[in-house]
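Structure, as structure tokens:
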Amino acid sequence: MDNSVLQAWKKVVDNLTLSVGQKTIDLWFKDVKPISFSDNIFTISVPNNFFSNWLKKNQQSNIEHILKTIYSTDVKLQYNVEKDISDQISKVPIIPTHNDAPISPVIKDQLNSYLTFDRFIVGNSNRFASGCGEAVTKTPGKLFNPLFIYGGVGLGKTHLMHAIGNGLKKNFPNFRILYVTCEKFVSDFIEAIRFQERMSNFKNKYRNLDCLLIDDIQFLVGGNKDRSQEEFFNLFNTLKDNGKQIVIASDRPQSKLEIEERLISRFKWGNTVDIQPPDLETRIAILKKKSEEEKISVPEDVIMFIASQIKSNIRELEGALLRVTSFIKFTNTPFTLDSVKIILKDIIVPEENIQITIDRIQKIVSEHYNITVKDFKTKQRTSRIALPRQIAMYLARSLTDMSTTEIGDTFGGRDHTTVMHACKQIDKKVTEDAWFAAEINKIVKLIKEDY
């Protein structure tokens, strides 16, 4: 086998480890072997069709993207299945016999130990939700019961739920805790209905908990789920009557859930908190935390650029950072703002109808600091002028496609090193001073108003 194929596959696995974690790598990639790369087809050997099906569904596009960066061309992934076990699977009877072993009453909490409060970046958009979550870990089943968390996709609801579960696990080691998606709950219930001897195990699993964390409750909406709603209603009452903690997450508030009114009324018994899209300083903090955890040194202007462009989804925010760092690592591309803009050009789409100009930035910044645009172009270096000028340069570099030389020309003919120094100084202040970071965020919002 060509050694370059082995090296390429190693890069693929190293990159995926950053995003999916070592456990997933050990489970699904340990027995996968690279075979060859020819005619833009990268062939791998997998133990059986379970592996190939899982890879096709979950990671094929990511693998092909990484291979594309390695070989600088589109690459198609091909599978060499060592053993086809479809026939054996088809022979497994659907209806169990009376001799089937019972389901074990011992359950796993399904918590991700990585998702803790220490790793949950708190900002104005999620401060109240985080505070209520931490309160639950200290006095479960009391004030905030149930705790109903809602917010859009990728804003941190699931992270917060796992953090609550891990906090309870630490504070109350003997607690029986279960994190489960609503889809999994419905699936378990359907299985219990199909195989009646499993119903008692189902009830034991869910009704003997000290804390139930159920995610994506909106899955109860729609379809023929009357019996599932009835079962969850009974489960909710049992846990609540016994003083057990319930935490529910949804992508919408209770009023938007098209489920039984009696369930909605119970969701409102405790406390309802929402998680909003993170503001600029929170997005910056998230990216910094992620880069620290991954031991990656990311330039401040790159962090500012990504944070200012991706606003509504933390997953997309972290995904963009991962894509950039992976590309830089595997291609040895210089880690500059210009290269990052190229790498993310198909992810970061300019906001519709927003065309931020240098004139707009200078106007807003000058008004904010009660000076004139002409002051930016003078030789004055007093702090009253110098700081706003540096901020305007910094924002011009982050919010427009202008080069440092072009930016310098609009500030009285200053050279590119002056602009770079200004960006570096403001980067430092944003990092060290939370109030200043909030001030920059406020100015960015003003710049984008009425566009």
Side-chain angles (χ1 to χ4, degrees), residues 21 107-182 209-218 236 239-240 242-254 266-290 292-293 313-315 317-318 434-435 437-438 441:
I107 64 169
K108 296 182 179 180
D109 56 37
Q110 304 300 327
L111 293 173
N112 185 337
S113 60
Y114 179 81
L115 302 177
T116 62
F117 280 107
D118 290 339
R119 291 189 170 94
F120 188 78
I121 302 300
V122 177
N124 294 329
S125 60
N126 60 18
R127 194 179 308 279
F128 182 55
S130 177
C132 291
E134 291 203 62
V136 164
T137 68
K138 297 172 183 175
T139 56
K142 305 298 182 183
L143 183 61
F144 302 137
N145 194 26
L147 178 63
F148 187 96
I149 306 166
Y150 74 91
V153 174
L155 297 183
K157 301 186 300 297
T158 298
H159 186 149
L160 182 55
M161 295 189 83
H162 282 277
I164 292 171
N166 285 313
L168 285 169
K169 194 174 181 179
K170 179 180 178 181
N171 295 336
F172 303 91
N174 294 324
F175 257 36
R176 291 159 297 184
I177 304 167
L178 176 64
Y179 167 85
V180 66
T181 64
C182 187
L209 295 170
D210 292 295
C211 176
L212 172 65
L213 304 131
I214 185 161
D215 207 348
D216 294 324
I217 197 66
Q218 71 274 1
F236 184 100
L239 294 176
K240 189 71 169 64
N242 291 329
K244 308 304 182 181
Q245 180 66 48
I246 306 167
V247 182
I248 303 167
S250 171
D251 67 354
R252 66 202 74 172
Q254 298 103 321
R266 278 159 175 74
F267 293 165
K268 295 178 180 179
W269 280 357
N271 196 30
T272 299
V273 297
D274 70 326
I275 299 180
Q276 297 293 328
D279 53 23
L280 179 62
E281 54 264 35
T282 304
R283 299 196 298 273
I284 291 173
I286 290 169
L287 292 174
K288 287 182 176 295
K289 181 73 171 178
K290 189 69 175 176
E292 288 171 4
E293 289 177 351
N313 192 310
I314 295 173
R315 292 176 195 165
L317 190 69
E318 293 182 340
W435 180 88
N441 185 37

Atom pair SG/CD1 of C182 and I217 - distance to nearest 0.5 Å: 4.0 Å
Under the side chain to side chain donor-acceptor pair (under 3.5 Å) test, residues paired with R119 that sit two or more places apart: E293
Would you list the atom pairs, donor with acceptor, under 3.5 Å between side chains in residues 129-137 and any protein atom, with sequence neighbours excluded?
residue, atom, partner, partner atom, Å
T137, OG1, E134, O, 2.6

Separation between CD1 of I248 and CG of L212, rounded to the nearest 0.5 Å: 8.0 Å
Derivation of the side chain to side chain contact (heavy atoms under 4.5 Å, CB included) call for F128 and N271: CA-CA 11 Å; F128 182 55; N271 196 30; 3.7 Å; yes
With sequence neighbours excluded, residues passing ring-ring contact (aromatic ring centres under 6.0 Å, His included) with F267: F148
Set of side chain to side chain donor-acceptor pair (under 3.5 Å) partners for Q254, sequence neighbours left out: T272
Side chain to side chain donor-acceptor pair (under 3.5 Å) between T158 and D215, worked out: CA-CA 7 Å; T158 298; D215 207 348; 2.6 Å; yes
Partner residues of N145 under the side chain to side chain donor-acceptor pair (under 3.5 Å) criterion, sequence neighbours left out: Q245
Check: N174 and D210 side chains under 4.5 Å, non-hydrogen atoms: no
Sub-4.5 Å side-chain heavy-atom contact between P146 and F236: yes
Contacts of Y150 that satisfy ring-ring contact (aromatic ring centres under 6.0 Å, His included) - sequence neighbours left out: none
Side-chain (H159) to main-chain (T116) donor-acceptor, under 3.5 angstrom: yes
S125 OG to E281 CD distance, which is reported to the nearest 0.5 Å: 9.0 Å
Side chain N242, main chain K244, donor-acceptor under 3.5 Å: no
Non-hydrogen side-chain atoms of F144 and V273 separated by less than 4.5 Å: no
Straight-line distance of S250 OG to I149 CD1, nearest 0.5 Å: 10.5 Å
T282 side chain near N124 side chain, heavy-atom distance below 4.5 Å: no
Spacing of H162 atom NE2 and Q110 atom CD [to the nearest 0.5 Å]: 9.0 Å
Derivation of the side chain to side chain contact (heavy atoms under 4.5 Å, CB included) call for I164 and L147: CA-CA 11 Å; I164 292 171; L147 178 63; 3.9 Å; yes
Residue pair I314 / P278, side-chain heavy-atom distance below 4.5 Å: yes
Main-chain N/O of I275 paired to K157 side chain as donor or acceptor, under 3.5 Å: no
Distance, nearest 0.5 Å, that separates NZ of K169 from SG of C211: 12.5 Å
Side chains of N112 and Y179 in contact at under 4.5 Å (non-hydrogen atoms): no
